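In this text, all values refer to a predicted model and were calculated from it rather than measured experimentally. Chain letters run A, B, ... following the sequence lines, proteins first and then strands; every chain starts at 1. Just the heavy atoms: all of them, side chains too, but no hydrogens, waters or symmetry mates, feed the values below.
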There are 2 protein chains.
Amino acid sequence: MARPRQFDEARVIESLMNVFWEKGYEATSMRDLVAASGLLKGSLYGAFGDKHTMYVAALKHYDRTRIQAGIDILNGEGSARQKIARLFDNVIESTKRGLFAGGCLLCNASLEMAATDPEVKAEVKTTIRRLKVAIMEALSPRIANEDQAAALAAFIVSAYFGSRVLAKGGAPAAMIGDTRDHCLQLVP
Amino acid sequence: MARPRQFDEARVIESLMNVFWEKGYEATSMRDLVAASGLLKGSLYGAFGDKHTMYVAALKHYDRTRIQAGIDILNGEGSARQKIARLFDNVIESTKRGLFAGGCLLCNASLEMAATDPEVKAEVKTTIRRLKVAIMEALSPRIANEDQAAALAAFIVSAYFGSRVLAKGGAPAAMIGDTRDHCLQLVP
DNA sequence: TGAATTATTGACCAAATGGTCATAAACTAG
DNA sequence: CTAGTTTATGACCATTTGGTCAATAATTCA
C-alpha cells in the first residue's frame with residue numbers, strides 16, 4: 001500500500017558489486033555507485049544503508065553468484081583433478097583476456113578490508129570455509145582420511161588465492177600454470 | 001651551499017611505508033602521512049613529490065628491506081626445506097601475535113593498485129621475480145633441472161601469497177600450517 | 001658580511017567526499 | 001476520491017581530500 005520500487009534490486013546490486021570488484025572499497029566513490037546503478041543518490045541510500053552496507057551486500061552477492069559458480073563446478077561432474085584444474089584455468093583465461101581487472105573480489109576484500117573491518121572479515125572467513133569444504137568434498141572420493149583431505153583443500157585454496165595475487169601483479173601466465181600443475185600433482 | 005634537511009630521509013620513508021603498509025593507498029590520507037612522519041605537509045611534498053610518488057617509494061623501500069630480509073634467509077644457511085619453512089612461519093607467527101595488521105605490502109599493492117597503476121605493477125612484477133629467483137636458487141642444490149626448479153619456485157610464491165590472503169581473511173592458522181606443510185612436501 | 005640557495009612553515013585552496021532532507025510523485029486500501 | 005504510506009528527486013551540507021605557495025629561516029660560498 002505504497003509506492004513500489006522503480007528498479008530491480010538484484011540488477012542494482014550487481015552493478016554496485018561490479019564497481020567495488022573493479023576498484024575496491026576506498027577507491028569507489030558514491031558518484032561511481034550512482035553512475036553505475038543508474039539510481040540517484042537518495043534512492044541508493046534509501047534502499048541500502050550507506051556505502052559500507054552496500055559493500056557488504058556486494059560481497060554477499062559475490063558469494064552467492066561467483067563463488068557459488070566455483071562451488072557448482074566442484075560439486076559437478078568430472079574427476080577431482082579436472083574440477084580443480086578448471087578453477088585455475090578461469091584465472092589463467094581471465095588474465096590472458098585482460099579485459100576485466102577486478103580479479104577475485106573475495107581476495108580483494110580480504111587484503112583491503114578484513115584486517116580493519118570485522119563485518120567484512122566475518123564474511124570473508126565464512127566464504128573461505130565454504131570454498132574449502134567444497135574442495136574437500138570434491139577430494140573425498142580419492143582421499144579417505146578426512147584430515148588429509150582438509151589439509152590438501154586448505155592448501156589448494158591458498159594456491160588459488162596466491163595465483164590471484166600473481167595475476168594482478170603482472171606475473172607471467174606461466175607462473176599461474178606452474179601453480180596449477182603442482183596443485184594437480186598433489187591431487188590423487 | 002644551502003639549508004640542509006632537518007630530518008633523516010630514511011626514517012621518514014620508513015614511517016610513510018608503515019602507514020601505507022597498514023592502511024593501503026586509498027585509505028591513507030596526507031594527514032596520516034604528516035602525522036606519522038612528523039614533518040609538515042610542505043616538507044613532505046618538497047622532499048618526495050606527491051602521495052603517489054611516496055607510495056612507490058614506500059614500495060621500493062619494502063623491497064629493499066622486508067623482501068630482502070626474506071631473500072637473505074633464502075640465500076643463507078640451512079636446507080631448502082628449512083628456509084622455505086621459515087618464510088611461512090613468519091606468516092603464521094605474525095598472524096598469531098596479531099599486533100600488526102598490514103600483512104605483506106607486496107600482496108596488498110598487487111591487489112589494490114597493480115591492475116590500474118602501471119608504475120606499481122612494474123614494481124610488483126620485478127619484486128615477484130626477485131623472490132622467485134631467490135627461491136629457485138635455494139632449490140637448485142636439490143633440483144638439477146632448471147625448468148623444474150622454476151616451476152616449483154613459482155608455485156611456492158603462489159602458496160606464500162595465498163597464505164597472506166588467508167591470514168588477513170581470518171582463516172584459522174591451521175590452514176596456513178597445512179599450506180606450508182604441503183609446500184615442504186614438494187621440496188626434495 | 002652578504003648574496004645565493006635550499007628547507008621549513010602553516011595558512012590557504014578548489015574539488016571531492018559521504019551523507020541528509022524537504023518536497024514531489026506514485027501507489028494502495030478503504 | 002481520499003487518506004496514508006512509501007519512493008524518487010536533486011539541491012544542499014559540513015568535512016576531508018590532495019595539493020600549493022608566499023614568507024621566513026638556515027645554511028654555504030665568496
Side-chain angles (χ1 to χ4, degrees), chain A residues 1-61 108-109 112-113 116-120, chain B residues 1-61 108-109 112-113 116-120:
Chain A
M1 48 154 131
R3 184 175 180 176
R5 287 263 157 84
Q6 281 183 316
F7 55 89
D8 179 348
E9 202 164 322
R11 281 203 136 64
V12 168
I13 213 164
E14 256 278 324
S15 61
L16 298 182
M17 181 191 73
N18 283 324
V19 181
F20 284 127
W21 191 356
E22 191 167 357
K23 312 187 64 162
Y25 179 76
E26 290 290 349
T28 295
S29 70
M30 286 308 302
R31 290 178 86 231
D32 295 328
L33 297 172
V34 165
S37 65
L39 305 197
L40 290 178
K41 209 188 260 195
S43 299
L44 225 37
Y45 274 93
F48 316 90
D50 55 3
K51 189 189 172 187
H52 182 262
T53 310
M54 294 179 208
Y55 185 79
V56 174
L59 210 52
K60 288 183 172 161
H61 185 67
N108 301 349
E112 188 191 354
M113 303 285 285
T116 52
D117 188 323
E119 212 175 338
V120 169
Chain B
M1 50 155 133
R3 184 174 180 177
R5 287 261 156 85
Q6 280 185 315
F7 56 88
D8 179 349
E9 203 164 323
R11 281 200 137 67
V12 169
I13 214 165
E14 257 277 324
S15 61
L16 298 182
M17 181 192 72
N18 284 325
V19 183
F20 284 128
W21 192 356
E22 191 166 359
K23 312 186 63 161
Y25 180 76
E26 290 290 348
T28 295
S29 71
M30 286 308 302
R31 290 178 87 232
D32 296 327
L33 297 173
V34 165
S37 65
L39 302 198
L40 290 176
K41 210 188 262 196
S43 299
L44 226 36
Y45 275 93
F48 317 90
D50 54 4
K51 189 188 172 188
H52 183 263
T53 310
M54 293 178 209
Y55 185 79
V56 174
L59 209 54
K60 288 183 173 161
H61 185 66
N108 301 351
E112 188 191 353
M113 303 285 285
T116 52
D117 188 321
E119 211 175 340
V120 169

Residue mapping more 5' on DNA chain D - nearest nucleotide basis, B:Gly42 or B:Glu26: B:Glu26
First of B:Thr28 and B:Pro4 reached from the 5' end of DNA chain D, by closest nucleotide: B:Thr28
Considering only side-chain heavy atoms of [X], which listed nucleotide, [options], is closest?
X: B:Tyr45; options: D:dG19, D:dT17, C:dT8; answer: D:dG19
X: A:Arg3; options: C:dT5, D:dT6, D:dG19; answer: D:dT6
X: B:Lys51; options: D:dG19, C:dG10, C:dG19; answer: D:dG19
X: B:Arg5; options: C:dT8, D:dT9, C:dG18; answer: C:dT8
X: A:Gln6; options: D:dT9, C:dG18, D:dA8; answer: D:dA8
X: B:Phe7; options: C:dA25, C:dG19, C:dT8; answer: C:dT8

Which pair of heavy atoms, one from A:Lys51 and one from A:Phe20, lies closest together, and at what distance? O-CZ, 4.0 Å
Tell me the closest heavy-atom pair linking A:Arg5 and A:Gly46, and the distance in Å. NH2-O, 4.3 Å
Any side-chain donor-acceptor pair under 3.5 Å between B:Thr53 and B:Asp50? yes
Under a 3.5 Å threshold, yes or no: a donor from one side chain and an acceptor from the other, between A:Ser29 and A:Asp32? yes
Over all strands shown, is A:Ser43 touching base, sugar-phosphate only, or nothing at heavy-atom distances under 4.0 angstrom? base
